[in-house]
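The structure appears right after this line, and notes come after that.
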Amino acid sequence: MHYTFPDNFWWGSASSALQTEGDSLTGGKSATIWDHWYTQQPSRFHQQIGPADTSTFYQHWREDIALLKQLNHNSFRTSISWSRLIPDGNGDVNPQAVAFYNNVIDELLAQGVTPFITLFHFDMPMAMQQLGGWENRQVVAAFSRYARLCFELFGDRVQHWFTFNEPIVPVEGGYLYDFHYPNVVDFRRAATVAYHTVLAHASAVRAFRDGRFAGEIGIVLNLTPSYPRSQNPADLTAAHHADLLFNRSFLDPVLRGEFPADLVALLRQYDQLPPTQPEDQALIADGVIDLLGVNYYQPRRVKCRDSAINPAAPFMPEWFFDSYEMPGRKMNPYRGWEIYEPGIYDILTNLRLNYGNPRCFISENGMGVENEQRFVEDGQINDQYRIDFVAEHLKWVHRAIAEGSQCLGYHMWTFIDNWSWCNGYKNRYGFVQLDITTQQRTVKKSGEWFAATSARNGFNHPENLS
Ligand code: BGP
């Protein structure tokens with residue numbers, strides 16, 4: 001069967017500054033929370049590989065952009081590092097950073113690759129965290145200034161901006177489940193962080209529109225469809241609550257300009273609402289975006305709780321649901337995530353039917369696999385499983401588009417194997433293999449497949465490359 005995509009479909013991949021640049025404390029850059037946390041607890045990082053040892057994009061940007069072109073990318077998302085551009089978070093601009101990002105943007109354009117730029121991808125400058133990070137409104141103001149400076153410095157060439165990548169993740173990781181610094185477990189503080197992140201997003205959107213910069217501005221959300229175990233009302237309520245807390249907490253403000261009334265009522269009932277100010281509402285309403293990036297890796301399956309809540313335990317999202325393991329589910333055992341391709345269709349369809357069919361694209365989708373060396377054939381990793389993974393997801397994207405979704409592209413996570421936060425280099429996601437000792441890059445079979453798919457604006461599946 002042949003699958004053809006609309007003209008000008010965005011074919012590309014995504015990465016982030018902190019996961020690829022390296023030089024994390026040189027070139028005038030200051031520490032992020034990751035550099036700091038690594039000095040405190042190196043054992044939290046797989047094989048104790050920290051944020052200084054990423055895939056050297058700061059040194060090898062020119063070669064890497066040549067590889068993007070070789071893989072027929074017409075677009076590529078990466079982020080600007082706030083702590084590289086403004087080392088103390090709110091003061092002087094670092095000229096070395098300006099030169100670096102100018103080089104990257106100019107070279108991408110010279111090679112025919114449209115730059116998509118994220119402003120914040122989990123990498124809070126330590127100087128800002130010392131003020132309290134997203135718990136402090138001063139940091140919201142500093143972010144808004146940083147965003148405006150980015151638009152002024154690079155907005156003559158960058159036309160696709162994203163305020164945040166997966167803003168719920170630092171909330172979950174840093175303030176609920178202890179997988180990001182500052183390793184806090186406290187729902188009310190998490191709610192404040194989430195709320196201030198929405199304000200930061202909206203302030204950047206406002207700055208973009210006030211400055212009348214060319215192009216468009218959006219956000220990248222990891223949308224995780226919540227599937228109930230059954231149609232029993234208690235299971236449905238569990239799924240509704242999970243959806244409110246993990247998806248709609250960001251989706252509604254950025255597409256509808258307000259938080260869901262059910263979510264506000266729920267948090268009020270449990271006395272978890274963050275402090276607000278009267279002018280916030282108008283700001284949030286101004287944060288409605290032009291373009292939504294959708295990251296999709298896995299579904300969330302839930303059921304109603306089997307046990308009573310311990311009222312003395314910390315208030316947590318899990319007060320409203322239990323996780324549910326669906327019999328027969330297909331797993332990516334390396335990452336421990338379920339693979340469920342129709343989920344990508346369900347997200348796009350939900351956006352079309354319930355959110356006015358916004359302009360959107362798949363901004364991340366991918367499969368991290370351990371020890372890919374065992375798949376080397378004639379010097380190349382034969383990652384047929386990754387080709388199948390992409391193709392099976394793209395079939396559902398294709399169907400959603402045929403039914404009217406305004407999905408404009410598909411970006412894979414990721415381009416070159418990169419550093420995955422606490423997982424270091426455990427799971428590899430790239431179209432291009434990275435030898436972490438020599439930094440040598442070798443295109444995997446999936447990279448060739450993707451290049452051919454982009455060139456033909458579609459694919460046959462199953463098929464042989466030849
Ligand atoms: C997304 C992030 C990426 C990336 C990816 C893979 O949530 O936006 O930064 O890391 O997931 O996940 P992981 O690295 O945790 O395996």
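Just the heavy atoms: all of them, side chains too, but no hydrogens, waters or symmetry mates, feed the values below. Read the numbers this way: they start at 1 and go in the same order the structure lists the ligands and their atoms.
Considering only heavy atoms from C-beta on, Val302 stays 4.5 Å or farther from Phe320 through its side chain.
Residue, atom and distance of the protein heavy atom nearest to atom 15 (O) of ligand 1 are Arg335 NH2, 2.8 Å. In terms of protein heavy-atom proximity, atom 7 (O) of ligand 1 is closest to Glu166 OE1, 2.5 Å. Atom 14 (O) of ligand 1 has as its closest protein heavy atom Ser420 OG, 2.8 Å. The single protein non-hydrogen atom nearest to atom 5 (C) of ligand 1 is Tyr297 OH, 3.3 Å, given as residue, atom name and distance.
Listed by first then second residue, pairs satisfying side-chain hydrogen bond (donor to acceptor under 3.5 Å, both in side chains) with a partner in residues 42-52 read Arg44-Asp178, not counting sequence neighbours.
For the pair Glu216 and Arg359, the salt-bridge criterion is met [side-chain N within less than 4.0 Å of a carboxylate O]. One finds a salt bridge joining Lys29 and Asp35 here, because a Lys/Arg side-chain nitrogen approaches an Asp/Glu carboxylate oxygen to under 4.0 Å.
Here Asn165 has side-chain heavy atoms under 4.0 Å from ligand 1, and that is the only part of it that gets that close. Contacts of Trp337 with ligand 1, taken as heavy-atom pairs under 4.0 Å, involve the side chain alone.
Numbered from 1 in the order shown, with element, the atoms of ligand 1 that lie under 4.0 Å from a heavy atom of His121 read 2 (C), 3 (C), 8 (O), 9 (O).
A search for side-chain hydrogen bond (donor to acceptor under 3.5 Å, both in side chains) contacts involving Tyr385 returns Glu372, not counting sequence neighbours.
Among Trp413, Tyr334, Phe179, Tyr429, the residue whose heavy atom lies nearest to atom 12 (O) of ligand 1 is Tyr429.
Taking the six-membered ring for Trp and the full ring otherwise, Phe122 and Trp421 have centroids separated by under 6.0 Å.
Because its NZ or CZ atom is both nearer than 6.0 Å to the ring centre of Tyr58 and within 45° of the ring axis, Arg84 counts as a cation-pi partner of that residue.
Polar contact check, Glu364 against ligand 1: a nitrogen or oxygen pair lies under 3.5 Å apart. Where the criterion is an N or O separation shorter than 3.5 Å, residue side chain and backbone included, Asn427 fails it with respect to ligand 1.
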